[in-house]
Amino acid sequence: QVQLVESGGGLVEAGGSLTLSCVVSGGTFSNYALAWFRQAPGKEREFVAGNRRSGQNTYYKDSVKGRFIISRDNAKNTVLLRMNSLMPEDRAIYYCAAGTGIILSNIRNPHAYAYWGQGTQVFVSS
């Protein structure tokens, strides 16, 4: 059974930083495509950052490029999302997702991921 558990959300002032963490248990961590998605109130879930396999290229939503960094720690079965220069529009519930066999064209598609965490809330005050 695969489980994803996120942590690290909270309240931060605009311009501040947060690091989200997601621990993945079950399966072979290095084989997973891993991604972070977010869902703001009244909006659809959207891709934030991800990569298909350990050591491969990472991909970002345009509005977070240069501010957010996704990284994987294979020894700890953990994927991190470092968020810098946070803006009020980054406020959302952030979800960690994992899957296998995801082709590059689907990396931003939430339906391509089989496993999801429960989400962690990020608030950014202006």
Side-chain angles (χ1 to χ4, degrees):
Q1 183 179 0
V2 180
Q3 290 187 320
L4 284 68
V5 179
E6 302 107 331
S7 61
L11 173 64
V12 65
E13 290 185 352
S17 298
L18 279 176
T19 298
L20 305 183
S21 176
C22 173
V23 178
V24 182
S25 59
T28 302
F29 181 81
S30 60
N31 288 342
Y32 286 125
L34 296 169
W36 288 93
F37 288 79
R38 68 187 183 187
Q39 189 165 16
K43 295 187 177 181
E44 293 187 353
R45 192 169 298 191
E46 63 179 8
F47 174 84
V48 175
N51 67 8
R52 285 194 299 158
R53 293 280 299 273
S54 182
Q56 293 191 351
N57 290 342
T58 55
Y59 301 88
Y60 295 93
K61 177 180 172 61
D62 285 346
S63 64
V64 308
K65 284 180 182 177
R67 299 190 297 123
F68 290 12
I69 300 172
I70 185 172
S71 61
R72 314 167 59 126
D73 185 337
N74 289 340
K76 297 181 179 179
N77 287 3
T78 299
V79 56
L80 303 174
L81 184 68
R82 174 67 176 177
M83 305 185 294
N84 299 314
S85 302
L86 281 160
M87 300 185 290
E89 49 264 45
D90 294 317
R91 173 195 174 185
I93 300 174
Y94 283 72
Y95 297 91
C96 174
T100 56
I102 297 176
I103 60 176
L104 183 57
S105 60
N106 266 344
I107 195 169
R108 292 176 172 82
N109 181 357
H111 300 291
Y113 295 82
Y115 309 108
W116 291 83
Q118 80 287 353
T120 186
Q121 179 79 60
V122 172
F123 294 96
V124 183
S125 63
S126 56

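Predicted model, so just to flag it, every value in this text is computed and none were measured.
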Please check if the side chain of [X] supplies one atom and the backbone of [Y] the other of a donor-acceptor pair under 3.5 Å.
X	Y	value
Glu6	Cys96	yes
Asn106	Ile103	no
Arg72	Phe29	yes
Tyr60	Ile70	yes
Arg67	Ser63	yes

Quick check for you: to the nearest 0.5 Å, what is the distance between [X] atom [atom1] and [Y] atom [atom2]?
X	Y	atom1	atom2	value
Gln3	Tyr115	CD	OH	11.5 Å
Arg38	Tyr94	CZ	OH	4.0 Å
Cys22	Asp73	SG	CG	12.5 Å
Leu86	Ser17	CG	OG	6.5 Å

Closest approach of [X] and [Y], non-hydrogen atoms and distance?
X	Y	result
Gly99	Tyr113	N-CD2, 4.0 Å
Leu34	Ala98	CD2-CB, 3.6 Å
Ile93	Gln121	CG1-OE1, 3.3 Å
Ala33	Ile102	CB-CD1, 3.9 Å
Ala14	Ser126	CB-CA, 4.3 Å

Indicate, with yes or no, if [Y] and [X] share a hydrophobic cluster defined by side-chain heavy-atom contacts under 4.5 Å among Ile, Leu, Val, Met, Phe, Trp and Tyr.
X	Y	value
Val5	Val24	no
Leu18	Ile69	yes
Met83	Val48	yes
Leu81	Ile107	no
Val23	Trp36	no

Suppose we call two aromatic rings close when their centres sit under 6.0 Å apart. Are Trp116 and Phe37 close by that rule?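 Yes, ring centres under 6.0 Å apart.
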
CA sep, side-chain torsions, deciding dist, call: Leu20, Val122, side-chain contact (heavy atoms from CB on, under 4.5 Å): CA-CA 9 Å; Leu20 305 183; Val122 172; 4.1 Å; yes

I want to check something: taking the side chain as every heavy atom from C-beta on, are Gln39 and Glu46 in contact at a cut-off of under 4.5 Å?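 Not in contact.
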
For the NZ atom on Lys43, are there more than 12 heavy atoms of other groups (residues, nucleotides or ligands in this structure) within a distance under 6.0 Å?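 Open.
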
Within 6.0 angstrom of Glu13 CD, more than 12 heavy atoms from elsewhere: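 Open: at most 12 neighbouring heavy atoms sit under 6.0 Å from CD of Glu13.
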
Side chains of Asn84 and Arg82: donor-acceptor distance under 3.5 Å anywhere?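 Result is yes, a qualifying pair exists.
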
Apply side-chain contact (heavy atoms from CB on, under 4.5 Å) to residues Asn109 and Phe47 and explain how you reach the verdict. CA-CA 7 Å; Asn109 181 357; Phe47 174 84; over 6 Å; no

Please identify each residue that fulfils side chain to side chain contact (heavy atoms under 4.5 Å, CB included) with Thr100, with sequence neighbours left out.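 In terms of side chain to side chain contact (heavy atoms under 4.5 Å, CB included), with neighbours along the sequence ignored, Thr100 is linked to Tyr32.
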
If we check side-chain contact (heavy atoms from CB on, under 4.5 Å) with Lys76, which of these qualifies: Leu80, Asn74, Thr78?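 Only match with Lys76 under side-chain contact (heavy atoms from CB on, under 4.5 Å): Thr78.
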
Do the numbers put Arg45 on top of the ring of Tyr95, so that NZ or CZ is under 6.0 Å from the six-membered ring centre and no more than 45° off the axis?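 Ring-cation test returns yes.
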
